[in-house]
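Here the structure is laid out as structure tokens; the discussion comes afterwards.
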Amino acid sequence: MKIIITKDYEDMSRKAANIISAQVISKPNCVLGLATGSSPIGTYKQLIEWYNKGDLDFSEVTSVNLDEYVGLEVTNDQSYRYFMDNNLFNHINIDKNKTNVPNGLADDSEKECERYDNLIDSLGGIDLQLLGIGHNGHIGFNEPDSAFAVGTHTVELNQMTRDANARFFASIDEVPTHAITMGIKAIMQAKKVLLIASGDDKKEILKKAFFGPVTPEVPASILQLHPDFTLVTTCDLSK
Ligand code: F6R
């Protein structure tokens, strides 16, 4: 595990974008695993800036997103498809047909989960997976549980996660109750994993996840076992 401590959110975003750029430059047809939330917005902005300067080319990149709410139309500004289009895909030369987000509107969500895992397998897995972390240690929407959930699955979001995400909705009642998330297997099989976290409110969970026991009660803790895992954070974990 490599830990990079950064000055602030901008610095974190630049350093994370550097790692993603290195991936895209060294393997132009790579598979990027992407995340939503407030953590990666700055990283995506930085990538867009470098793309606009002519330093990055996403034309051969394929992306697979971690998760999607169940029941939100893709035109809903809180859907993760909408987030990705607006915060990244619409601003770079990625082929939209090569951008993948779980379908939260699928009639049969079990089939959709199977399709998503097969898709990741057919792409040869993920080259670089970008992650954020929830205050309860979730990655994607893999919530604390008694066992690690292996494949893509539908989850009932716990109260802490719904409360944390309520800031983006008009009221807590509008926050979806379920989501589809990539499982731990695809994340752990990614060749590289990059987790970004900013703000002192993330410090406690980062310490638990990366200096505590590996346990499904803290899903991110499994990343301690990943052979190429980098944490880029504004939190000084030595204090
Ligand atoms: C989003 C995702 C979530 C977030 C996490 C942190 O696709 O998978 O696990 O990364 O909830 O969210 P922020 O970055 O908003 O603190």
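Residue indices begin at 1 and follow the sequence shown. When a ligand or atom number is given, it counts from 1 through the structure's own listing order.
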Protein residues having a heavy atom less than 4.0 Å from any atom of ligand 1: Ala35, Thr36, Gly37, Ser38, Ser39, Leu66, Asp67, Gly132, Ile133, Gly134, His138, Gly140, Arg167, Lys202
Without hydrogens or angle criteria, can the side chains of Lys45 and Asn87 be said to hold a donor-acceptor pair below 3.5 Å? no
If the threshold is 4.0 Å, N to carboxylate O, is there a salt bridge linking Glu114 and Lys111? no
Hey, what do you get for OH (Tyr69) to CG (Asp67), rounding to the nearest 0.5 Å? 8.5 Å
Result for side chain to side chain contact (heavy atoms under 4.5 Å, CB included) between Leu194 and one of Asp228, Leu131, Ile20 points to Ile20
Test of understanding: clusters of I, L, V, M, F, W, Y form through side-chain heavy atoms closer than 4.5 Å, transitively. Do Val70 and Met84 belong to the same one? no
Has Glu110 got more than 12 heavy atoms of other residues, nucleotides or ligands less than 6.0 Å from its CD? no
